[in-house]
Structures are given as structure tokens and as C-alpha cells.
Novice: 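My questions all concern the structure below.
Note: hydrogens, waters and symmetry copies are ignored here, and every other heavy atom, side chains too, is used. Note that the structure is a prediction, hence the values are computed from the model and not measured.
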Amino acid sequence: MHTTRHTPANEAQDDRILDEVRAIPKGWVSTYGDVSPAAPRRVGQVLATAPHDVPWHRVVRADGTVPQGSAQLARLVDEGVPTRGDRVDMKRARWTRTPTR
DNA sequence: GGCATGACTACTT
DNA sequence: AAAGTAGCCATGC
């Protein structure tokens with residue numbers, strides 16, 4: 001099927017990633033693995049160049065640590081995300097998108 | 001076209 | 001609990 005269309009990478013995949021991140025409610029967080037199980041590293045690379053309407057700070061590591069340090073943690077705390085020291089309390093803050101629909 | 005890099009994850013010591 | 005190792009996808013040189 002003609003492989004990729006026109007531009008770098010599967011634009012669709014990157015778009016889907018951004019869409020997932022936009023869907024994370026305020027006060028909650030998601031993990032790279034949740035956004036893209038097959039390519040968690042891809043998520044970070046996309047977020048690095050993502051538009052400002054994307055709540056990048058709501059994406060954290062699976063163990064609750066935040067890649068962007070205090071800058072990111074401060075935003076999360078400000079939104080009411082439960083934290084434990086310098087990491088997010090994943091038991092309470094991890095958000096799973098709405099079930100298959 | 002091969003090799004290194006990155007906002008990762010899971011498994012093993 | 002912490003550190004090391006291997007696996008993963010796409011990008012850039």
C-alpha cells in the first residue's frame with residue numbers, strides 16, 4: 001500500500017499521540033507506555049516538538065518520576081495531582097482513557 | 001544504508 | 001531499592 005504518504009514518519013501516528021495527550025484530564029497523568037506501548041520513546045520525541053495546546057506535563061514515566069524535573073512537577077502539583085516526594089503517586093494519579101468505544 | 005540518540009519500559013543482578 | 005542490560009520506533013547525520 002504505497003508505504004508512507006508524504007512527509008516524515010507516519011504523521012498519523014504522531015497525530016494520534018498528540019491526541020491521546022490532549023485527552024488527559026486536568027489533575028491526572030498518563031505514561032509514555034500508555035500513550036504508545038510499542039514506541040514509548042517516540043512519545044517523548046513528539047512531545048518535544050509538540051504545539052502549545054498539548055498538556056505535555058501530564059505525561060510521566062511508568063514509575064512516577066517526571067522527565068522534566070521540578071518544572072513539570074510544579075505544574076502537576078498545581079493541577080492537584082497527588083504526589084509523593086519528587087514523584088507522582090501513580091496509584092492515584094494514573095489515568096486510563098475511556099474504554100474501547 | 002549503517003550507526004548513534006532520545007522527555008521509555010521491563011527484566012535481571 | 002538501585003543500577004545495569006536488552007528491546008523498542010523514528011529521526012538525523
Novice: Report yes if some heavy atom in the side chain of A:Lys26 is under 4.5 Å from a heavy atom in the side chain of A:Arg58; otherwise report no.
Specialist: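 Yes, side chains in contact.
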Novice: Contact between A:Gln13 and A:Val46 at the side-chain level, heavy atoms closer than 4.5 Å - yes or no?
Specialist: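 Contact flag for A:Gln13/A:Val46 side chains = no.
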Novice: When you group the ILVMFWY residues by side-chain heavy-atom contacts below 4.5 Å and let the links chain together, are A:Val59 and A:Val88 in the same group?
Specialist: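 Not linked; separate clusters.
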Novice: So which of residues 53-67 of chain A are in contact with DNA chain B, with a heavy-atom cut-off of under 4.0 Å?
Specialist: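 When residues 53-67 of chain A is checked for heavy atoms under 4.0 Å from DNA chain B, the hits, listed by number, are A:Trp56, A:Arg61, A:Ala62, A:Pro67.
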Novice: Could you name each residue pair satisfying side chain to side chain donor-acceptor pair (under 3.5 Å) that touches residues 80-91 of chain A, not counting sequence neighbours?
Specialist: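 Side chain to side chain donor-acceptor pair (under 3.5 Å) check on residues 80-91 of chain A returns A:Asp89-A:Arg92.
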Novice: Could you list the donor-acceptor pairs under 3.5 angstrom formed by side chains in residues 60-67 of chain A, with sequence neighbours left out?
Specialist:
{"residue": "A:Arg61", "atom": "NH1", "partner": "A:Thr65", "partner atom": "OG1", "Å": "3.3"}
{"residue": "A:Asp63", "atom": "OD1", "partner": "A:Thr65", "partner atom": "N", "Å": "3.1"}
{"residue": "A:Asp63", "atom": "OD1", "partner": "A:Thr65", "partner atom": "OG1", "Å": "2.8"}

Novice: Under a 4.0 Å heavy-atom cut-off, which of residues 69-78 of chain A touch DNA chain B?
Specialist: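 Heavy-atom contacts with DNA chain B come from no residue of residues 69-78 of chain A; none.
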Novice: Between atom CD in A:Glu11 and atom P in C:dA10, what is the gap in whole Å?
Specialist: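 That distance rounds to 14 Å.
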Novice: Stepwise, does the side chain to side chain contact (heavy atoms under 4.5 Å, CB included) test hold for A:Ser30 with A:Val21?
Specialist: CA-CA 8 Å; A:Ser30 190; A:Val21 178; over 6 Å; no
Novice: Do any N or O atoms from the side chain of A:Gln72 and from the backbone of A:His57 form a donor-acceptor pair under 3.5 angstrom?
Specialist: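 Here the side-chain-to-backbone pair exists.
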Novice: When the P atoms of C:dG7 and B:dA7 are considered, how many whole Å apart are they?
Specialist: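 It comes out at 22 Å once rounded to the nearest Å.
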Novice: Could you tell me the separation between the OH atom of A:Tyr32 and the C1' atom of C:dA10, rounded to a whole number of Å?
Specialist: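 Interatomic distance, OH of A:Tyr32 to C1' of C:dA10: 16 Å.
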Novice: Taking the side chain as everything from C-beta on, heavy atoms only, tell me whether A:Asp34 gets closer than 4.5 Å to A:Arg94.
Specialist: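 A:Asp34 vs A:Arg94: side chains touch.
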Novice: Which whole-number value in Å describes the distance from A:Asp15 CG to C:dA10 P?
Specialist: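 Whole-Å distance recorded here is 15 Å.
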Novice: For A:Val43 and A:Ile17, work out which heavy atoms get closest and say how close.
Specialist: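 Result for this residue pair: CG1-CG2, 4.1 Å.
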Novice: Generate the contact string for nucleotides 4-9 of chain C. Rules: B means base contact, S means sugar-phosphate contact only, - means no protein heavy atom under 4.0 Å.
Specialist: ---BBS
Novice: Mind checking what makes side chain to side chain contact (heavy atoms under 4.5 Å, CB included) contact with A:Ala50, not counting sequence neighbours?
Specialist: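 For A:Ala50 the side chain to side chain contact (heavy atoms under 4.5 Å, CB included) partners, ignoring immediate neighbours, are A:Leu18, A:Leu47, A:Val54.
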